[in-house]
Amino acid sequence: MTKSVINPTPPTSPGDELTYTLLFQVSDYFTVRDLVIVDVMSDGQDFLSSFTPVLNVTDRAGNVTGGIPAAYYTVVNDAPSVGKTRITFDVSQAMIALGAADGTLQGGRSITPDAGPAQGTITFKATVRDLYKAPPMGPLVTGDSIDNGASLTGGVVSNNNINSISTGTVPHDSGVSLGLEVPQIIKSIYAVNGSLSLPNPLRIMPGDLVTFRLRYNIPTGDYKSVKITDTLPLPTYEAETLTNLSFNNINTGIPATGNAQFGPANSGAPLVDVPGITISNSLFNNQITFSFPDKSDPTNTPTVIDILFTLTAQGDPFVDPLMFTNQVNTIAKNTAGQSILGVGILPLETAGPRLRVKKGVVATNNSNGLLLPAPVLPANVTVNPAGVCSGRLGGTGLPVTSSTIGSAFNANVSNVDAADQVTYAVVIENLGSSSKGAFDVSLSDTIPAGTTLVPGSICVNDGAGTPLAFSGGFPGSITLTDPGPNQGALGQGQNALGVPSATGTNIAIITYTVTNDLTVTPRQTLTNTATLTNYAAIEGGPNFTPLTAASDLTDTASVTIADPLSAKVLAGTEIDYTLSNPSNPNKTTQAVIGELLTYQLRVTVPEGVMNNVSIADTLDAGLAFVDVTSVTKSSGCELQQSDNDRSGQSEPESGGRRQRDKRDIQPRHSDELQHQQCRGRDDHDHIPGGGAQYRHQSGRAVEE
């Protein structure tokens with residue numbers, strides 16, 4: 001035997017009409033008589049007496065069906081215990097009453113010829129009560145269950161003689177259970193900044209007023225000890241910001257931030273009482289709990305607990321975009337005191353700013369200056385260092401966007417010298433997805449020693465070339481001026497779908513010019529560093545730089561002063577017989593023993609200062625130093641001659657001799673040093689070469 005139940009109006013609740021069906025069968029090889037079925041319904045149900053149970057039996061003798069006469073079934077309430085209902089069906093006698101020749105069920109293969117299966121059904125109805133009869137005699141509430149069990153007995157007789165004495169019994173039990181529906185909790189976002197029209201996809205921005213909705217559906221209208229606990233995700237939502245704990249008992253409008261009230265679908269008092277509210281605000285327990293007292297509704301009207309509460313999304317630092325799951329838990333008690341649990345999930349996404357800095361040299365007034373690596377600027381974008389801020393950026397490549405910036409704004413410059421001007425560009429780019437952009441953006445920049453800022457040269461423009469307001473200056477720091485409390489100076493970098501901004505409003509390009517001081521020295525490198533020191537998701541909000549990658553916070557650009565240049569040439573020889581004795585010539589480029597040779601050493605100094613300079617000339621074997629014939633300098637250059645090292649000048653021999661002349665050299669152009677040398681021995685018929693080199697000592701440029 002098996003048992004089933006149908007509720008045509010699920011979910012199960014008081015007042016529902018249930019249809020039970022008992023299906024019983026006899027094996028194909030047996031014959032059974034004296035069939036009796038006993039059905040016991042649990043507390044919480046009533047037998048529906050207005051519906052007559054129906055019997056339908058088929059075996060090899062044929063089919064009988066119809067309502068079971070009242071004489072052949074009994075209904076006893078509060079049996080076998082209070083609240084339960086026992087129903088006894090005399091199946092065999094009911095079959096006879098409905099026209100069967102006897103009260104047996106004979107299997108299809110119990111005798112010949114074979115026939116179909118022997119089986120039957122009993123159908124009856126019951127209704128779900130509102131209250132239990134047994135103590136504590138309370139209402140049927142969410143999470144309760146009702147059940148029904150049945151047992152069948154019968155006697156086995158001979159297949160060829162149904163009137164024979166029974167040789168045994170065939171007991172069998174079956175049961176079925178129905179549970180009152182467990183309510184489901186649903187959490188959603190009801191409104192943002194007072195608007196019910198929500199974008200798709202939805203991203204919350206720091207500073208937004210977010211109205212959450214909790215809906216708890218109770219089909220029976222009865223509940224016990226309901227608690228709804230919303231665990232809010234940090235750092236965006238802080239439970240303690242729900243400050244009005246009195247609960248505004250209305251279900252119209254949108255609550256102000258920090259307030260809670262009933263929502264539009266709430267069933268209202270007296271079906272739902274105003275809840276108690278408790279707040280937990282620790283790092284691992286950021287929760288709001290709404291507690292409702294027990295409620296019994298005699299009408300069993302389906303009840304909805306609908307709660308709205310509004311919180312302000314906080315501006316604490318996070319990595320954009322921030323995605324997390326908001327979990328709501330519910331707990332209620334059933335009549336047996338068991339806890340009925342429920343869980344609701346709401347995916348949430350919060351957008352914020354995400355900044356990075358790039359710095360590079362973009363221009364110099366020295367035509368020999370070398371800017372690398374390329375590209376210095378995005379394609380078709382120009383910088384006019386002398387222009388006013390409204391015209392600082394130009395070209396058909398505007399606006400500069402995150403898609404076009406590429407590897408530009410990263411060049412360094414070399415081969416410049418004193419008094420040259422160099423123009424830097426510092427780019428602050430917002431890659432974040434918050435539509436409010438980035439607030440309180442501050443950047444510091446070190447103007448290195450050896451350079452001087454050109455007064456009035458600082459300009460800040462967005463990627464389209466539009467000037468941006470700022471405060472402060474360099475050396476030191478500047479802060480971009482936010483247009484208003486709900487819009488940062490740097491616009492949204494990308495939308496919720498990840499598409500970059502095409503307007504350039506998410507980019508600030510800071511340009512300024514410095515002049516190299518007259519004291520710079522050759523090969524000196526002047527390094528300039530820009531550092532992002534602050535930015536926030538809301539006006540006056542916490543600083544995001546601690547969560548920003550260090551490589552995005554700072555960048556450098558360098559200026560390298562040009563090298564000095566040196567050259568050595570043979571200025572002439574003492575004897576030139578090319579014209580007087582063509583057959584035995586002694587040309588200018590040839591020498592004999594004792595002939596004087598004159599060399600010229602030229603040092604070209606870039607604008608700036610070279611201190612403790614040594615000029616060294618290493619003579620080939622066979623030459624002996626004689627004298628310095630002249631020293632000349634270009635206009636604006638100062639020389640202070642020190643002792644010369646002329647060792648070995650009276651000892652001409654095969655070993656080389658070195659002449660050294662030390663001077664302090666200041667700009668500009670070139671110095672010439674001329675001296676005479678004497679060939680030591682006649683072992684070559686050509687003029688040996690000489691060399692000039694430069695050397696650096698003690699951190700100061702020294703030339704040999």
Side-chain angles (χ1 to χ4, degrees), residues 203 205 320-321 351-363 374-411 423-443 445 457-471 478-484 486-513 530 532 534-537 539 544 548 552-553 555 557:
R203 276 188 176 180
M205 313 300 165
D320 172 78
R354 179 162 56 94
L355 270 56
R356 69 179 180 183
V357 170
K358 295 183 71 176
K359 181 168 186 175
V361 176
V362 293
V376 176
L377 291 166
N380 301 315
V381 174
T382 60
V383 173
N384 181 7
V388 295
C389 291
S390 59
R392 181 62 60 91
L393 300 181
T396 59
L398 295 180
V400 176
T401 69
S402 295
S403 299
T404 64
I405 195 170
S407 59
F409 299 106
N410 197 38
T423 299
Y424 294 95
V426 182
V427 178
I428 309 175
E429 182 182 8
N430 181 18
L431 301 174
S433 56
S434 172
S435 60
K436 297 182 179 182
F439 296 80
D440 305 336
V441 178
S442 294
L443 177 129
D445 199 305
S457 65
I458 300 177
C459 287
V460 182
N461 302 81
D462 67 12
T466 304
L468 297 178
F470 66 93
S471 59
I478 66 171
T479 300
L480 305 186
T481 303
D482 297 322
N486 293 314
Q487 185 59 58
L490 292 184
Q492 182 180 29
Q494 57 182 312
N495 63 19
L497 299 177
V499 178
S501 171
T503 63
T505 55
N506 64 311
I507 291 175
I509 303 175
I510 305 169
T511 53
Y512 65 92
T513 301
L532 186 65
N534 191 89
Y535 69 97
E539 186 76 25
F544 268 57
T548 305
D552 289 339
L553 289 177
D555 197 16

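- Using a distance-only test at 3.5 Å, with no hydrogens or angles considered, no donor-acceptor pair links the side chain of N506 to the main chain of Q494.
- Remark: side-chain polar atoms of K358 are paired, donor with acceptor, to backbone N or O of A408 under 3.5 angstrom.
- Looking at D320, its side chain does come within 3.5 Å of a backbone N or O of G352 through a donor-acceptor pair.
- Looking at heavy atoms from C-beta onward, P500 lies out of side-chain contact with T401 at the 4.5 angstrom threshold.
- The OG1 atom of T466 sits 11.0 Å away from atom CD1 of I509, with the distance rounded to the nearest 0.5 Å.
- Between L490 and Y535 the shortest side-chain heavy-atom distance does not fall below 4.5 Å.
- With hydrogens and angles disregarded, no donor-acceptor distance shorter than 3.5 Å links the side chain of Q492 to the backbone of G437.
- When all heavy atoms of D555 and V357 are compared, the closest pair comes out as CB-O, 4.0 Å.
- The minimum heavy-atom distance between K359 and A530, with the atom names listed, is CD-CB, 3.8 Å.
- Heavy-atom minimum distance, T479 versus S442: OG1-OG, 2.7 Å.
- Under a 3.5 Å cut-off, the side chain of R392 and the backbone N or O of S457 do form a donor-acceptor pair.
- Counted by atom type alone, Y512 and D445 present one or more donor-acceptor pairs between their side chains at under 3.5 Å.
- Once rounded to the nearest 0.5 Å, the distance linking CZ of R354 with OG of S433 reads 8.0 Å.
- The heavy-atom pair separating K436 from Q487 by the smallest distance is O-NE2, 3.0 Å.
- When all heavy atoms of G484 and E539 are compared, the pair lying nearest together is O-OE1, 3.8 Å.
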- Message: One pair to check against side chain to side chain contact (heavy atoms under 4.5 Å, CB included): T548 and L355. What are the steps and the verdict?
- Response: CA-CA 8 Å; T548 305; L355 270 56; 6.0 Å; no

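- Between the CG atom in L393 and the OG1 atom in T511 there is a gap of 6.0 Å [rounded to 0.5 Å].
- Contact record, N461 with G465: ND2-O, 2.9 Å, taken as the closest heavy-atom pair.
- In this structure, the separation between CD1 on I478 and CD1 on I458 is 6.5 Å, given to the nearest 0.5 Å.
- Within the model, atoms CG of D440 and CG of D482 stand 5.5 Å from one another, a figure rounded to the nearest 0.5 Å.
- For the pair N430 (side chain) and P353 (backbone), a donor-acceptor distance under 3.5 Å is absent.
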Which donor-acceptor pairs under 3.5 Å do side chains of residues 374-387 form with protein atoms, sequence neighbours excluded?
unit_1: T382; atom_1: OG1; unit_2: G394; atom_2: O; d: 3.3
unit_1: N384; atom_1: OD1; unit_2: A386; atom_2: N; d: 3.3
unit_1: N384; atom_1: OD1; unit_2: G387; atom_2: N; d: 3.4

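- Note that the CG atom of L480 and the CG atom of D462 stand 10.5 Å from one another [nearest 0.5 Å].
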